[in-house]
Every structure is written in structure tokens, then in C-alpha cells.
Amino acid sequence: HVGGVVAVAFSPEGNYIATAGIDRKVCIWAITEEDPLHILDGRSTTLSLAWEPSPHEAVLLIGMQDGTVSLDELMQGRLRAQALPGHHAPVECLAISSSELRLASGAHHELFVWKNVSDHWTPIFDLGAPPLTSHTEHRQVVVTSVHWTTTKTHGRVLLVTYMHHGVMIYDSEHWTRLRVIPMQGCIVSASIGGESNQLAVSNLVSGFDVYSLETGASLGSLRNPTGTGLRAVPVLFAHNGNAIVGGSTTGIVRIW
């Protein structure tokens, strides 16, 4: 890549890594090689990556700045690309449900659900905007992360975080809104903690906040110095939900 790298994704079996840069290139690397196996020159900057859950590790979905979702398939050493138009805003979030072969994509205020039919992804549902309150009705609606997960109470669900509108949890069968978790601050990323059934969010105002997915209750906050200015920092559950790794704007990685 020439310039910054904006997205990285491991393949389902961990044999490959996909990277996307501001140079509009997507590179596919074997973990044992120093040089990329494939380089895809995109028509727009790539913002998000997601591999299809297959042991063949052959299909990569790419979310682009121009609103396109691109399907890129490795075929006998070649790379075949197919554009899936649908969004009108930059596609910053992608997540695939391995059990149902469904794709969730977030592009600013747009939130689409796609279904894989005969190896072709088709949008089947637009979940629309989150409910607004007197505190959020004038705030811009921006999806910041999407996650497929399972809860004891509701089974398979889709969890969506918004920059100014908290967390929404949707039933993945009827697409009804099961729970709204209101939050103060500015949510820029999130991670789900494996069997712990907890959600960690990166909040530009307060640091890292942890919530129960079963009840929506706050479990506490992990203070993280924000440095100067408001910049997005990542948060990640590790060790099957027993540890949280957090980035910072000061060059320090913290583990709780």
C-alpha cells in the first residue's frame, strides 16, 4: 500500500489476510508470504472488509466509499470482482452471519440486510433509522458498527451501534426492534465478548463502556485518556470475553 491502511480482515480459517488502503487498493496476503497474492485496484476507497464464512476462504466482501459493496472471488489463482450496488453513502460497516448467510451493511444512516441466494447477495430489508428523542433528533444518524450474535433471551440477533443514537438490537427472523440501549457521548466502535454476552463500546467522551446484552444494563466504564482532540479509537474483547484491549490517541494500548 501507498499511504495508510484503513481495514484489515483475517479469512475464516486464518490462512489469508485482506488489507485495504487509502490508495484504493485491496491486497490479499497469505500469512506465510511477504508479498501479496492478489492486488485489486478499486474504483473507490475501501472502508470495510468481511470474508464469507467458508472453509474455502474464497469470497471477500468489500464496502466502498461510493456506496458499492463489491464481491471479490478467488478462482484458480485469479481474482474476479462483482459490484453489488445498493447504498447511497460510504459503506463503513460489514458483518456476515455464518449460520444464516446474511450480510448486514451500514452506510451512514442506511442499514441494509442482504441474503445469499444461489451464491448471489441480494438486499432484502432496509431497517431504516433508529428512533429519535428530544436529545438526538437533531443529531446526524451514523452507523458505526454491526454485529451478528446470540443471546439467551432472544436467540440470533443483529446488534447495531450508532454514533449518537445508542445501540439497537433486532430480531433476525422478523426484524423487530428488541431493545434500545441509550448512551451518552459519541460511539465510534464496539466489540462483543464471546460467551460473556457483553458489549464494549468505544466512547469518545467517557472511554470504554461495558454493557450486558441480556439486560442492556451498564456494567461499568474503563477510563481511557483521550489526549487532545476527538479521534476514533478501537476496542476489542479478547480471550473469549475475559479481557478488553483498547487503543488510544497517545500511542498506548491498554488491557483490562
Side-chain angles (χ1 to χ4, degrees), residues 47-48 63 65 67 86-95 104-113 125-149 151 153-154 156-172 174-193 196-237 244 246-250 254 256:
L47 302 176
S48 52
Q65 191 170 14
H87 286 289
H88 299 89
V91 184
E92 298 178 320
C93 306
L94 291 174
S105 58
H108 284 202
H109 63 284
E110 299 173 342
L111 178 60
F112 291 174
V113 175
F125 210 84
D126 180 357
L127 290 176
L132 304 180
T133 68
S134 59
H135 299 288
T136 63
E137 61 181 345
H138 300 298
R139 295 292 191 99
Q140 184 181 13
V141 176
V142 180
V143 176
T144 55
S145 71
V146 288
H147 311 265
W148 298 95
T149 189
T151 66
T153 306
H154 301 293
R156 197 68 178 164
V157 298
L158 174 64
L159 184 146
V160 185
T161 65
Y162 291 87
M163 183 173 291
H164 303 294
H165 298 80
V167 176
M168 310 293 150
I169 300 178
Y170 296 91
D171 166 49
S172 66
H174 304 292
W175 304 115
T176 54
R177 190 180 297 117
L178 299 173
R179 173 171 288 124
V180 178
I181 304 177
M183 297 182 184
Q184 299 295 321
C186 187
I187 309 305
V188 294
S189 67
S191 179
I192 293 177
S196 69
N197 240 0
Q198 296 175 359
L199 171 72
V201 299
S202 176
N203 190 327
L204 286 183
V205 175
S206 59
F208 303 123
D209 302 325
V210 183
Y211 293 83
S212 166
L213 290 182
E214 296 295 339
T215 65
S218 172
L219 301 178
S221 295
L222 305 172
R223 297 301 171 185
N224 191 47
T226 56
T228 58
L230 295 179
R231 295 184 181 179
V233 295
V235 63
L236 180 68
F237 266 110
I244 293 177
S248 71
T249 60
T250 57
R254 293 178 172 85
W256 290 270

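Just so it is clear, the values below take in all heavy atoms, side chains as well, and ignore hydrogens, waters and symmetry mates. Index from 1, following the sequence. What you are looking at is a predicted structure, and each value in this text was computed from that prediction instead of being measured.
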Exercise for the section: Side-chain contact test, heavy atoms from C-beta onward, threshold under 4.5 Å: evaluate it for H147 versus L158 and give yes or no. Expected result: no
Problem - Interatomic distance, S191 atom OG to L236 atom CG [nearest 0.5 angstrom] - result: 4.5 Å
Exercise for the section: Using modelled atom types only, decide if a donor and an acceptor are shared between the side chain of T161 and the backbone of S145 within a distance under 3.5 Å. Expected result: yes
Practice task
Report the residues that fulfil side-chain hydrogen bond (donor to acceptor under 3.5 Å, both in side chains) with S48, sequence neighbours left out, ordered by chain and then residue number.
Solution key: none
Handout entry: Any side-chain heavy-atom pair of L159 and V167 under 4.5 Å
Key = yes
Completion exercise
All heavy atoms of V235 vs all of A190, minimum pair found to be CG1-CA, 4.0 Å
Exercise for the section: Kindly write out the residues that satisfy side-chain hydrogen bond (donor to acceptor under 3.5 Å, both in side chains) with H164, not counting sequence neighbours, or none if the list is empty. Expected result: R139
Handout entry: Side-chain donor/acceptor of S218 to backbone N/O of Y211, under 3.5 Å
Key = no
Handout entry: Under the side-chain hydrogen bond (donor to acceptor under 3.5 Å, both in side chains) test, residues paired with S221 that sit two or more places apart
Key = D209
Completion exercise
Output for pair (L111 CG, W175 CH2), nearest 0.5 Å, gives 9.0 Å
Handout entry: Residues forming a side chain to side chain contact (heavy atoms under 4.5 Å, CB included) with Q140, sequence neighbours excluded
Key = H108, V142
Which pairs would a plain distance check flag for residues 177-189, meaning a side-chain donor or acceptor within less than 3.5 Å of a matching protein atom at least two apart in sequence or in another chain?
from : atom 1 : to   : atom 2 : distance (Å)
R179 : NH1    : L213 : O      : 3.2
R179 : NH1    : E214 : O      : 2.9
R179 : NH2    : E214 : O      : 3.0
S189 : OG     : V233 : O      : 3.2

Problem - Donor on one side chain, acceptor on other, T250 and S248, under 3.5 Å - result: yes
Problem - Donor-acceptor under 3.5 Å (T136 side chain, T133 main chain) - result: yes
Practice task
Tell me, please, which residues at least two apart from A107 pass side chain to side chain contact (heavy atoms under 4.5 Å, CB included).
Solution key: H87, A89, V91, E110
